[in-house]
Participant: 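Okay, handing you the structure first.
First the proteins, then the strands, lettered A, B, ... as listed; each starts at 1. A quick note: this is a predicted structure, and the numbers were derived from the prediction, not measured.
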Amino acid sequence: MPELPEVELARATVDQHALNRKIADVDDHDEWECRPHHPGDLRTALVGRRLTAARRRGKSMWCETSGTGRSRTPGPLLGLHLGMSGRIIVTDRRGKPSEGGDRLGRFATAVEQIERKPVWVRFTLVFEDGGKLMLFDKRRLGRVRLDPDLDALGPDAEEVGVAEFRERLSRGTAPVKARLLDQSVIAGVGNLLADETLWRARISPQRRVDTLDRDDLTTLHKALHRATKAAIRHGGVHTGEVIGFRRAGAHCPRCGAEMTRATVGGRTTWWCPQEQR
DNA sequence: ACTCGTGTTAGCTG
DNA sequence: TCAGCTAACACGAG
């Protein structure tokens, strides 16, 4: 589920509903999700503080925290990574989930899921008012950590300018899709957003970056920007124009040619062999 | 039973 | 040393 658009929606939910509520308790028992911390570490670091801001770069999000008591010194950053299947759920004092930027009805499912699979709640902040911020993560590839290292991330895919994009993406000889997926080059592009972007730009995922000219890179930058914006607006990367056609026997929604599948950059990749060159 | 997967990363290779 | 690639991670879904 989570690529940049989903993480941005999660960040917006935290920003709108979880800030400035005092943290009364923390459930950080999941040693895998909270590694390398140990149970109680996050609790000790966070109880008594408030989240003061929700930030994001690529697929990584983090919250700034306040000082405790009289201390004005800010607390640690709380890093939240959704991994492959994580989602953030914030509830109010009555246990009702916040709507966030999400569609109607989605949170009803979230509540049902939590009730049906409480073990998939890997991390919880309990606020003084009784509400919670939960990381619900089926596959357990998400991560919670204090003061996460963000230095390895490239510029955010939604914000990077065309000149820097061209310069960073064109370095090396890898297939363009592998380069798009490399979070140290550009942060935020996942498997589906990469396929959507390349389809919009009419560029083959297998094209080596050293064969792309200036115009190709400009086109790609514009496609990435538009695909990302559209995904955020429509509620997730799965709403992309070509995503529903990433399956055997499907045909390109623009030209009708049969879609092709291969592994590129280590991930299952679908593209239109007619238009994407 | 067996394969696949919307993410990240340690470890290997040339 | 580095760019690039693979396997492994956890665990449910088909």
Side-chain angles (χ1 to χ4, degrees), chain A residues 1-10 29-36 56-62 79-88 106 109 112-114 116-123 135-145 148-154 156-157 167-199 205-211 224 227-228 230-232 234-248 261-271:
Chain A
M1 190 167 72
E3 296 189 32
L4 186 155
E6 286 78 10
V7 180
E8 173 54 25
L9 294 169
H29 72 277
D30 193 315
E31 297 187 65
W32 177 256
E33 204 91 350
C34 299
R35 71 192 185 287
R56 179 190 62 75
R57 185 146 150 218
K59 304 171 201 171
S60 293
M61 67 175 282
W62 65 93
L80 299 168
H81 201 292
L82 305 184
M84 206 95 119
S85 61
R87 62 188 298 184
I88 298 289
R106 269 188 69 179
T109 354
E112 286 167 24
Q113 284 180 322
I114 289 175
R116 202 164 58 82
K117 290 286 186 180
V119 296
W120 291 353
V121 177
R122 312 294 183 179
F123 177 76
L135 173 57
F136 185 78
D137 181 12
K138 178 171 65 177
R139 286 182 58 189
R140 224 176 168 205
L141 290 171
R143 194 138 180 201
V144 180
R145 58 166 313 174
D149 181 14
L150 304 164
D151 294 344
L153 292 177
D156 185 81
E167 194 269 313
R168 298 183 75 97
L169 204 87
S170 60
R171 221 176 291 159
T173 61
V176 60
K177 177 166 177 180
R179 204 83 185 126
L180 280 171
L181 291 174
D182 186 336
Q183 304 301 299
S184 68
V185 176
I186 300 292
V189 183
N191 197 31
L192 297 187
L193 188 57
D195 279 6
E196 175 76 13
T197 296
L198 289 162
W199 178 80
Q206 296 179 311
R207 273 279 291 281
R208 283 169 43 155
V209 288
D210 54 341
T211 71
L224 173 58
T228 305
I232 293 172
H234 297 139
V237 74
H238 59 283
T239 63
E241 295 176 14
V242 83
I243 303 306
F245 301 88
R246 297 175 77 261
R247 53 184 173 78
R261 178 197 149 127
T263 297
V264 183
R267 314 299 295 192
T268 297
T269 303
W270 291 90
W271 75 98

Participant: What is the distance, rounded to the nearest whole Å, between atom CD of A:Gln183 and atom P of B:dT9?
Facilitator: 9 Å

Participant: Using a strict cut-off of less than 4.0 Å between a Lys/Arg side-chain nitrogen and an Asp/Glu carboxylate oxygen, indicate whether A:Arg56 and A:Asp156 qualify as a salt bridge.
Facilitator: yes

Participant: Would you say A:His81 reaches B:dG7's phosphate, i.e. side-chain N/O to OP1/OP2 under 4.0 Å?
Facilitator: no

Participant: Do side-chain atoms of A:Glu3 reach the backbone of A:Lys59 as a donor and acceptor pair under 3.5 angstrom?
Facilitator: no

Participant: Tell me what A:Pro5 touches on the nucleic acid: a base, only sugar-phosphate, or nothing, going by heavy atoms under 4.0 Å.
Facilitator: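 Since no nucleic acid heavy atom lies under 4.0 Å of A:Pro5, the category is nothing.
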
Participant: When rounded to the nearest 0.5 angstrom, what distance separates CD in A:Glu33 from CZ in A:Arg140?
Facilitator: 7.0 Å

Participant: Whole-Å distance between B:dG7 P and A:Met61 CE?
Facilitator: 17 Å

Participant: With a 4.5 Å cut-off on side-chain heavy atoms, are A:Val185 and A:Arg171 touching?
Facilitator: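 Not in contact.
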
Participant: On DNA chain C, which is the earliest and which the latest nucleotide, 5' to 3', with an atom closer than 4.0 Å to a heavy atom of chain A?
Facilitator: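 So the contact region on DNA chain C extends C:dG4 to C:dA13.
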
Participant: Answer with base, sugar-phosphate or nothing: what part of the nucleic acid does A:Arg261 contact at a heavy-atom distance below 4.0 Å?
Facilitator: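 Sugar-phosphate contact only - A:Arg261 comes under 4.0 Å of backbone atoms but never of a base.
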
Participant: Round to the nearest Å and state the distance from A:Arg246 atom CZ to B:dG5 atom C1'.
Facilitator: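 Distance check: A:Arg246 CZ to B:dG5 C1' gives 10 Å.
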
Participant: Between the base of B:dG7 and the side chain of A:Arg139, is there any donor-acceptor pair under 3.5 Å?
Facilitator: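 Looking at the base of B:dG7, it does not pair with any donor or acceptor on the side chain of A:Arg139 (distance under 3.5 Å).
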
Participant: Using atom P of each nucleotide, how far apart are C:dG12 and B:dT9 to the nearest Å?
Facilitator: 23 Å

Participant: In dot-bracket form, 5' to 3', how is DNA chain C paired? Count Watson-Crick and G-U wobble pairs only if both distances fall under 3.5 Å, and write | where the partner sits on another strand.
Facilitator: .||||||||.||||

Participant: What's the CH2-C1' distance between A:Trp270 and B:dC4, to the nearest Å?
Facilitator: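 My rounded result for the distance is 13 Å.
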
Participant: Name the one of A:Arg267, A:Arg261, A:Lys177 that satisfies salt bridge (charged side-chain N to carboxylate O under 4.0 Å, His left out) with A:Asp195?
Facilitator: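 Running salt bridge (charged side-chain N to carboxylate O under 4.0 Å, His left out) over A:Arg267, A:Arg261, A:Lys177 with A:Asp195 returns exactly one hit, A:Lys177.
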
Participant: Is the backbone N or O of A:Pro148 less than 3.5 Å from a side-chain atom of A:Trp62, with the two atoms forming a donor-acceptor pair by type?
Facilitator: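 Answer holds: no.
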
Participant: Assign each of A:Leu141 and A:Thr173 to its nearest nucleotide of DNA chain C by heavy atoms, then name whichever residue's nucleotide is nearer the 5' end.
Facilitator: A:Thr173

Participant: Output the rounded distance in Å from CZ (A:Arg145) to C1' (B:dG7).
Facilitator: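 Computing the A:Arg145:CZ to B:dG7:C1' distance gives 16 Å.
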
Participant: If you look at every strand shown and take non-hydrogen atoms under 4.0 Å, does A:Arg267 touch a base, only sugar-phosphate, or nothing?
Facilitator: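 Base contact.
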
Participant: Any side-chain heavy atom of A:Asp30 within less than 4.5 Å of one from A:Asp137?
Facilitator: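 No. Closest side-chain heavy atoms not under 4.5 Å.
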
Participant: For A:Asp149 and B:dA10, give me the distance from atom CG to atom P, rounded to whole Å.
Facilitator: 11 Å

Participant: To the nearest Å, how far apart are A:Leu192 CG and B:dG5 P?
Facilitator: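 About 11 Å, once rounded to whole Å.
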
Participant: Need one value for A:Gly266: base, sugar-phosphate or nothing, where a base atom within 4.0 Å counts as base even if backbone is also close, heavy atoms only.
Facilitator: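 Answer is nothing: A:Gly266 stays at 4.0 Å or more from every strand.
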
Participant: Figure out the CH2/P separation between A:Trp32 and B:dG7, and round it to whole Å.
Facilitator: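 So the CH2-P distance, A:Trp32 to B:dG7, works out to 17 Å.
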
Participant: Which part of the nucleic acid does A:Arg179 contact within heavy-atom distance under 4.0 Å: base, sugar-phosphate only, or nothing?
Facilitator: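 It contacts sugar-phosphate atoms only.
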
Participant: Write down the atom of A:Arg247, the atom of A:Trp270, and the distance for their closest heavy-atom approach.
Facilitator: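 Of all heavy-atom pairs spanning A:Arg247 and A:Trp270, the closest is C-CH2, 3.3 Å.
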
Participant: Working to the nearest 0.5 Å, report the span between CD of A:Glu6 and CD1 of A:Ile88.
Facilitator: 13.0 Å

Participant: Can you tell me how far CG of A:Leu80 sits from CE of A:Met61, rounded to the nearest 0.5 angstrom?
Facilitator: 5.0 Å

